[in-house]
Asks: 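Quick one: structure below, then a few questions.
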Amino acid sequence: MHHAIQSLPKVELHLHIEGSLEPELMFALAERNGVELPWNSVEEIRQAYQFTDLQSFLDVYYAGAAVLHTRQDFHDLTWAYLERARGDKVRHTEIFFDPQTHTERGIDFDTVISGILSALDQGQEQLGISSELILCFLRHLSAEDAMVTLEQALPWKDRVVAVGLDSSEKDHPPEKFTAVFDRAQAEGFLTVAHAGEEGPPDYIRQALDLLQVKRIDHGVRCIEDPELVARLAAEQIPLTVCPLSNIKLCVFDRLENHNLKTLLDAGLRVTINSDDPAYFGGYIGENFAATAQALSLTLDDIEQLARHAVNAAFIDEARKKDLMVELDHWRETAEFGCA
Ligand code: ADE
Ligand code: ZN
């Protein structure tokens, strides 16, 4: 199984680029930009990665992101992720970025997005990895702030496929952002939202009904509402599940108790993703491998998860078909135990 997972052509749909900032690069950028970090060494940073919930992680994640200043920094961050992705056989990736984390510190929106895009373009040319960019609004900030950020994104709208919603979920329901998402859709953006990670199933319903999301990021707490599970299955709403993240942030106590397999067997369009791999102990390949091991996933399950991600991606039918053909070849080889 290990080899079959390693060789699986993958599509990643839930990856925060700021969450791919490895401690080594964090230190290098801190030095380059003269930024003081609250940690003295790479080892000390890794020690700090003991989280009790989403907020305890976000506090560390925003502190780390403060080393990112220049266009080159955003390029280097994104390029480092793409090199990891190539190692994991990622063929297409859809990347979240949090502009407000940077504009709040005085960094220009254009500096952030142009650095990320230059690396994504290079990834397409040199690594053959196709990509899309998704702008996430920070839900702990106001809807007015989100609207300002949306306006900053308008000149870039041909390069941003969708808008999303992340950061502290509790007490920040999707409905707070209805007007912003209405405007984003009128401007041609698709929509997604983090919901049902720590927040209640009702936040998933709000994301679907008020924000018209095409995918739910996480969504694992849907299990508490059987009617909602039935709806997600009937409407084939993709869930971008991030198993190692869910363990690190104590959404589940152990991977063996994760509900991914239950949701998959209930007919939901479940996918596997890495979320913030530098903080949660693994990129997409490790998420697949650890989950397969803990939940005894079969080759059929792995194939299904990979095909779900292709179907859920914001790409045209021709690209989907190419990726499905790659999966056909993978399955033929995997069948004989030598993939
Ligand atoms: N920002 C980065 N990772 C996140 C997560 N798992 N949930 C909400 N916001 C995030
Ligand atoms: Zn996330």
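For ligands, and for the atoms within them, numbers begin at 1 and follow the listed sequence.
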Asks: Out of curiosity, does W79 fall in the hydrophobic cluster containing F74 (side-chain heavy atoms, cut-off under 4.5 Å, transitive links)?
Replies: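 Yes, F74 and W79 fall within the same hydrophobic cluster.
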
Asks: Does even one non-hydrogen atom of G19 get within less than 4.0 Å of ligand 1?
Replies: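 The answer is no, since G19 has no heavy atom less than 4.0 Å from ligand 1.
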
Asks: Of all the heavy atoms in L58, does at least one lie under 4.0 Å from an atom in ligand 1?
Replies: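 L58: in contact with ligand 1 (<4.0 Å).
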
Asks: Would a hydrophobic clustering, with Ile, Leu, Val, Met, Phe, Trp and Tyr connected at side-chain separations under 4.5 Å, put I107 with F96?
Replies: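 No, I107 and F96 fall in different hydrophobic clusters.
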
Asks: With a 3.5 Å cut-off and no angle check, do the side chains of D300 and Q304 form a donor-acceptor pair?
Replies: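 Their side chains do not contain a donor-acceptor pair, so the 3.5 Å distance test is not met.
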
Asks: Among T240, T271, N273, which residue meets the side chain to side chain donor-acceptor pair (under 3.5 Å) test with H14?
Replies: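 Between H14 and the candidates, side chain to side chain donor-acceptor pair (under 3.5 Å) is satisfied uniquely by T240.
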
Asks: Taking non-hydrogen atoms only, is L54 closer than 4.0 angstrom to ligand 1 via side chain, backbone, both or neither?
Replies: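 For L54, only side-chain atoms sit under 4.0 Å from ligand 1.
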
Asks: How far is atom 1 (N) of ligand 1 from the closest protein heavy atom, and which atom is that?
Replies: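 Answer for atom 1 (N) of ligand 1: H16 CE1, 3.5 Å.
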
Asks: If you define the side chain from C-beta out and look only at heavy atoms, does anything of H218 sit under 4.5 Å from S245?
Replies: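 Yes, side chains in contact.
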
Asks: I'd like to know if the side chain of D301 pairs up with that of T298 as donor and acceptor (distance under 3.5 Å, no hydrogens or angles considered).
Replies: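 Yes - a donor-acceptor pair under 3.5 Å links their side chains.
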
Asks: Check whether any N or O atom of D275, backbone or side chain, sits under 3.5 Å from an N or O atom of ligand 1, and answer yes or no.
Replies: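 Checking ligand 1 against D275, an N or O pair does fall under 3.5 Å apart.
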
Asks: Which protein N, O or S atoms does the Zn ion (ligand 2) have within a distance shorter than 2.8 Å?
Replies: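 The answer is H14 NE2, H16 NE2, H194 NE2, D275 OD1.
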
Asks: State which residues pass salt bridge (charged side-chain N to carboxylate O under 4.0 Å, His left out) with E197; sequence neighbours excluded, sorted by chain then number.
Replies: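 Salt bridge (charged side-chain N to carboxylate O under 4.0 Å, His left out) check on E197 returns nothing, list empty.
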
Asks: Of all the heavy atoms in H218, does at least one lie under 4.0 Å from an atom in ligand 1?
Replies: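 Judged by the 4.0 Å heavy-atom criterion, H218 does count as contacting ligand 1.
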
Asks: Could you check whether H92 and E94, counting side-chain N and O atoms only, form a donor-acceptor pair closer than 3.5 Å?
Replies: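 Checked: E94/H92 side chains pair up, N/O donor to acceptor below 3.5 Å.
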
Asks: Among all the protein's non-hydrogen atoms, which is closest to atom 9 (N) of ligand 1, and how far away is it?
Replies: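 Result for atom 9 (N) of ligand 1: S167 N, 2.8 Å.
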
Asks: What protein heavy atom sits nearest atom 3 (N) of ligand 1, and how far away is it?
Replies: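 Of the protein heavy atoms, D276 OD2, 2.6 Å lies nearest.
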
Asks: Apply the side chain to side chain donor-acceptor pair (under 3.5 Å) test between H16 and each candidate in D276, D217, D166, D98; give the one that qualifies.
Replies: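 That would be D166; it is the only one of D276, D217, D166, D98 passing the side chain to side chain donor-acceptor pair (under 3.5 Å) with H16.
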
Asks: So is F57 touching ligand 1 or not, going by heavy atoms under 4.0 Å?
Replies: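 Yes, that is the case, since the closest heavy atom of the residue is under 4.0 Å from the ligand.
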
Asks: Between T93 and Y81, do the side chains contain an N or O donor and an N or O acceptor separated by less than 3.5 Å?
Replies: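 Distance-only check passes for T93 and Y81.
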
Asks: Heavy atom under 4.0 Å from ligand 1: found in E197's side chain, backbone, both, or neither?
Replies: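 It is the side chain that gets close, since no backbone atom is under 4.0 Å.
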
